[in-house]
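Per chain, numbering begins at 1; letters A, B, ... match sequence-line order.
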Amino acid sequence: MSDHGSHSHGPVTRAGESADDALEHAREAAHGDAGSHGEHGGLGKYLLVFLALCGLTTMSFFTYSAAWPWRDQPQVGWAFMMAVSCTKAMLVILFFMHVWWEANWKYVLTIPAAMMALFLGIMLVPDVGMRNRMVSQERALHMARGSDLRLIEEASAASAASAAH
Amino acid sequence: MTASAASIPHGHDHGHSGHGDDHGHGHVTLQYQPGLPLSRGKLIMWLFLSTEIMFFAALLGSYVVLRFGASVWPKPHHVHLSEPIGAFNTFVLICSSVTVVLALEAARVNKTSLAKLWMVLTFLLGAVFLGVKAYEYVAKFDHGIYPASPRGRLYERPDLYYGSAVRARLDELRREPTSGWSAAKYRWAVWRHGSPQAAALAGWKEPETVDRLKELDEMPESALSAEQQESRRRLQQIQKMLASPDQQAFDMAVVADQVMPLPSEGPGGGAHHGGGHGLNDAFPWLKLPVVIPGGNMWASTYFLLTGFHAVHVIVGLIVFAILLTYRLGAKQAGMIENAGLYWHFVDLVWIFLFPLMYLF
């Protein structure tokens, strides 16, 4: 309440500083404990995160290799890849986007956005299940089915067999 | 700075005397306190990014609905996606995220030339990403995979409609104009005069055509490689099948398989079959319609998602190009930070796009 008695007409600032400078001071005060520039990890930490990201990318790429044990159950691979992607996303957000070191304002912005994104995803779930319930006649006529794929595979096998003879 | 209310109205001249609500007298001083302890630029960038999160959540969500609600969805190999190329692009974007962070760190401690070096590297890595993306798009276009019909040659099923499309294309090849320019001029004249007859009366002659299929058939065996001879034999065979009056559904599947086989799954898929064995690969000028079950929906989602992502990359590159015109010292650190936040977000989107598009 130091400015109470003064006759300043603008935003509350110290003499000779703009509003943005004041914000900067406030921000520094908010997490001044971590020191001047050491607060953002430094080269070593970034390299560590980089290596982790590369390792995680290799892990999701691993699902594509022949050594992946669940080739006949794609759902296992999907769940695994999404877990890996979420981990990578968290690493990027926390360290590259500096959210790890930010003050509490980060929750004000990220939580509502994350909730909106999550609800949006959940709201789409019924659509996944019911997408082919109502199909127009024209679409039913031209829509690909699993049988089409099998037909082409059979044709392919037949031509391979005839070529072998 | 310790005031807790966002704004405190004060009647200046009257202090706290009776008519506090009467703003008609004198003027009112509003005392502001920042709502969030961060600079305006960064606040706006975060707000923008939270809208972007929802934008891409909607796109990815729709993709998931279409992908898992579809009765058939093509395997990555069916649509000629290359996982190693996608993984390489992921690596490029991760590297560019690191370089932009290092540019920010260098700028903070006023190492301007180092900051500029990292920024140039970031720009180059972004450009490499776009180049690889363009290469991938061209590979799709070469296989007739477009998001829409005028150029797209995708068919969903090996049915009668597909058969007639292949026949129509073969007919086109039997009278292909020798020069694309004169053909375009003639088409324009027909459009202008309303009909081919009217165009003929106005003195327009039909452009000269050549029978590409007959040319191929008459080519001496010595002019063709063994593989091309084999492909020519297969092409003649499917022409017979298409002309046959008692064709079966299975025949069209054979035609589809001959034109562009669906490569088998797994690494190295398509090496033993497909790959370069389709007629469209043997004779690129054929450009016959192809069958990829679920391919049209795949193409729509692929080009929409990766296209929007590529647009974001382009915007990022423009921002970096503008930043490069500045002296990247401590004064510019805020700007670099905001540009970096955006760039990390672009990276983030790709982190989800890569597995969803290439590995699912």
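- In this structure, chain B has no heavy atom under 4.5 Å from any part of Val84(A).
- Within the 4.5 angstrom heavy-atom criterion, only side-chain atoms of Arg67(B), from C-beta onward, approach chain A.
- Residues Met82(A) and Leu356(B) are in side-chain contact: their nearest non-hydrogen atoms beyond the backbone lie under 4.5 Å apart.
- In this structure, no portion of Glu230(B) lies under 4.5 Å from any heavy atom of chain A.
- Listed options Ala256(B), Gly294(B), Ala70(B), Gly340(B) were ranked by heavy-atom pairs under 4.5 angstrom with chain A; first place goes to Ala70(B).
- The CG atom of Leu109(A) lies 14.0 Å from the CZ atom of Phe48(B); values are rounded to the nearest 0.5 Å.
- Using a 4.5 Å cut-off between heavy atoms, Val135(A) does not touch chain B at all.
- To the nearest 0.5 Å, atoms CZ (Arg145(A)) and CZ (Arg157(B)) are separated by 4.5 Å.
- Here the CD1-CE distance, from Ile351(B) to Met90(A), works out to 11.5 Å after rounding to the nearest 0.5 Å.
- With contacts defined as side-chain heavy-atom distances shorter than 4.5 Å, the pair Tyr64(A)/Pro76(B) does not qualify.
- Listed here is the closest heavy atom pair of Thr63(A) and Leu359(B): OG1-CD1, 4.4 Å.
- Summarising the geometry of Gly146(A) relative to Val72(B), their closest heavy-atom pair is N-CG2, 3.3 Å, with the distance given to 0.1 Å.
- Counting heavy atoms from C-beta outward, Asp257(B) and Glu154(A) have side chains that stay 4.5 Å or more apart.
- Using the six-membered ring where Trp is involved, Trp105(A) and Trp46(B) have ring planes that are perpendicular, over 60° apart on the 30 and 60° scheme.
- With a threshold of 4.5 angstrom between heavy atoms, Phe360(B) approaches chain A through its backbone and through its side chain.
- Phe68(B) and Trp78(A) have perpendicular rings, their planes meeting at more than 60° on a 0 to 90° scale where under 30° would count as parallel.
- Contact annotation for Tyr161(B): only side-chain heavy atoms (C-beta onward) come within less than 4.5 Å of a heavy atom of chain A.
- Looking only at side-chain heavy atoms (C-beta outward), Tyr46(A) and Glu105(B) come within less than 4.5 Å of each other.
- Using a 4.5 Å heavy-atom threshold, the side chains of His78(B) and Leu149(A) count as touching.
- If you measure heavy-atom distances from Leu66(B) to chain A, the contacts under 4.5 Å come from both the backbone and the side chain.
- For chain A, no part of Pro74(B) is nearby; none of its heavy atoms comes within less than 4.5 Å.
- The part of Thr110(A) that comes within reach of chain B is its side chain, from C-beta onward, which places non-hydrogen atoms under 4.5 angstrom from that chain.
- Neither the backbone nor the side chain of Met123(A) comes within less than 4.5 Å of any heavy atom of chain B.
- Pro355(B) is not listed as a side-chain neighbour of Phe61(A), based on a closest heavy-atom distance of 4.5 Å or more.
- Taken from NE2 in His344(B) to CE in Met97(A), the straight-line distance is 7.0 Å, to the nearest 0.5 Å.
- Within the 4.5 Å cutoff, no side-chain heavy atoms of Val100(B) are placed close to those of Phe96(A).
- Atom OG of Ser60(A) sits about 11.5 Å away from atom CD of Glu83(B), to the nearest 0.5 Å.
- Per-residue counts of heavy-atom pairs under 4.5 Å with chain A were compared for Ile94(B), Thr51(B), Val291(B), Leu102(B); the largest is that of Ile94(B).
- Considering all non-hydrogen atoms of both residues, Leu120(A) and Ala58(B) come closest at CD2-CA, 3.7 Å.
- Salt-bridge annotation for Glu102(A) and Lys42(B): present, with a side-chain N of the basic residue lying under 4.0 Å from a carboxylate O of the acidic one.
- Both the backbone and the side chain of Leu141(A) come within contact range of chain B, each with at least one heavy atom under 4.5 Å from a heavy atom of that chain.
- Two residues are said to be in side-chain contact when any heavy atoms from C-beta on lie closer than 4.5 Å; Leu124(A) and Val64(B) fail this criterion.
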